[in-house]
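Since the model is a prediction, treat every value here as computed from it, not as a measurement. Per chain, numbering begins at 1; letters A, B, ... match sequence-line order.
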Protein chains: 2
Amino acid sequence: MKEKELTSLAVFVKQRRKTLKINQLELSEKAGVGLRFVRDLEQGKASLRMDKVNDVLRLFGHELGPVEMDRTKLWQ
Amino acid sequence: MKEKELTSLAVFVKQRRKTLKINQLELSEKAGVGLRFVRDLEQGKASLRMDKVNDVLRLFGHELGPVEMDRTKLWQ
DNA sequence: ACTATTTACACCTTATAAGGTATAAATAGT
DNA sequence: ACTATTTATACCTTATAAGGTGTAAATAGT
């Protein structure tokens with residue numbers, strides 16, 4: 001049981017992709033990134049490159065920016 | 001004249017650091033990243049690793065997340 | 001203006017993300 | 001249940017970020 005933490009970013013991308021009714025391959029092509037990258041992104045990999053993530057987010061009219069940490073994370 | 005675009009993330013970090021009255025070296029130590037990384041971050045380097053950026057943002061109670069693109073960027 | 005501190009930039013090495021391919025698992029459609 | 005499609009995981013190579021060191025430029029303090 002891996003229980004990998006699903007980040008809000010991962011959830012965001014997956015949900016947006018679903019709304020567009022496209023699969024990971026199509027998303028990767030539209031974004032100009034590799035299929036493997038989209039997979040890693042939706043799986044919550046933490047060490048991705050910002051510029052590549054932004055290539056994907058741009059399709060949804062979004063980009064990476066600093067947001068307040070959710071308070072449950074603040075004390076560890 | 002380089003005219004490197006200063007991203008909102010870069011500005012955010014620099015401003016927060018200033019309010020804490022610490023220099024780049026101190027920030028890098030607190031965050032557990034290299035000095036060079038902090039420099040690149042404040043200079044707006046686009047290809048940084050998300051996890052390292054988050055190591056810095058955590059000090060300010062923030063983290064990377066998807067935010068709406070500012071509308072001026074939407075059509076190029 | 002002078003000096004000390006801080007920040008920027010270049011070169012180099014090492015660590016690792018990105019991406020391809022292949023396979024397995026999961027999910028959806030009938 | 002069966003089958004097709006989609007998604008996840010592993011192995012490998014290549015590209016490049018991270019970080020150290022050194023030097024130059026910029027900024028701040030007097």
Item checked: Residue met sooner reading DNA chain C from 5', once Asp40(A) and Leu25(B) are mapped to nucleotides -> Leu25(B)
Next item on the list: Mark yes or no for a side-chain to base donor-acceptor pair under 3.5 Å between Arg49(A) and dA17(C), with no hydrogen or angle criteria applied.
Entry: no
Checklist line | Distance in Å, Arg17(A) CZ paired with Asn23(A) CG, rounded so as to fall on 0.5 Å steps | finding: 7.0 Å
Next item on the list: Could you let me know what dG29(C) is paired to, Watson-Crick or G-U wobble, both distances under 3.5 Å, or none if it's on its own?
Entry: dC2(D)
Note to self: Using OP1 and OP2 only, check whether a side-chain N or O of Gln43(B) sits under 4.0 Å from dA8(C).
What the structure shows: yes
Next item on the list: Would you kindly give the CZ-to-P distance between Phe37(B) and dT21(D), to the nearest whole Å?
Entry: 19 Å
Next item on the list: Mind checking the CZ-CE spacing from Arg58(B) to Met69(A)? Nearest 0.5 Å is all I need.
Entry: 6.0 Å
Next item on the list: Using whole Å, report how far CG of Asp51(A) lies from C1' of dA18(D).
Entry: 14 Å
Next item on the list: Mind calculating the distance between CG (Leu41(A)) and P (dG19(C)) to the nearest angstrom?
Entry: 11 Å
Check: So do the side chains of Glu26(A) and Leu20(A) get within less than 4.5 Å of each other, counting heavy atoms only?
Finding: no
Next item on the list: Check every strand shown and say whether Lys21(A) touches a base, only sugar-phosphate, or nothing at a heavy-atom separation below 4.0 Å.
Entry: nothing
Notebook entry, point to check: Is Gln24(A) near enough to dT5(D) that one of its side-chain N or O atoms lies under 4.0 angstrom from OP1 or OP2?
Noted result: no
Notebook entry, point to check: dA18(D) C1' sits how many Å from Asn54(B) CG, rounded?
Noted result: 16 Å
Next item on the list: Mind calculating the distance between NZ (Lys45(B)) and P (dC9(C)) to the nearest angstrom?
Entry: 12 Å
Next item on the list: Measure the CG-CE distance between Asp51(A) and Met50(B) for me, rounded to the nearest 0.5 Å.
Entry: 11.0 Å
Item checked: Atom-pair distance (CG on Leu35(B); P on dT5(C)), nearest Å -> 16 Å
Note to self: OP1 or OP2 of dT7(C) versus the side-chain N and O atoms of Lys18(B): is any pair under 4.0 Å?
What the structure shows: yes
Note to self: Please verify the inter-ring angle class for His62(B) with Phe12(B); under 30° counts as parallel, over 60° as perpendicular, anything in between as tilted.
What the structure shows: tilted
Notebook entry, point to check: Rounded to whole angstrom units, what separation is found between the NZ atom of Lys52(B) and the C1' atom of dG19(D)?
Noted result: 9 Å
Margin query: Is there a side-chain contact between Lys14(A) and the phosphate of dA8(D), meaning an N or O under 4.0 Å from OP1 or OP2?
Written below: yes
Notebook entry, point to check: Hey, does Leu48(A) reach any base, or is it just sugar-phosphate, or nothing, if we go heavy atoms under 4.0 Å?
Noted result: sugar-phosphate
Next item on the list: Using only side-chain N and O atoms of Arg39(A), determine if any of them is under 4.0 Å from OP1 or OP2 of dA25(C).
Entry: no
Notebook entry, point to check: Rounded to whole angstrom units, what separation is found between the CD atom of Glu29(A) and the P atom of dG19(C)?
Noted result: 13 Å
Notebook entry, point to check: Quick one: the side chain of Arg36(A) and the base of dA18(C), do they pair up donor-acceptor inside 3.5 Å?
Noted result: no
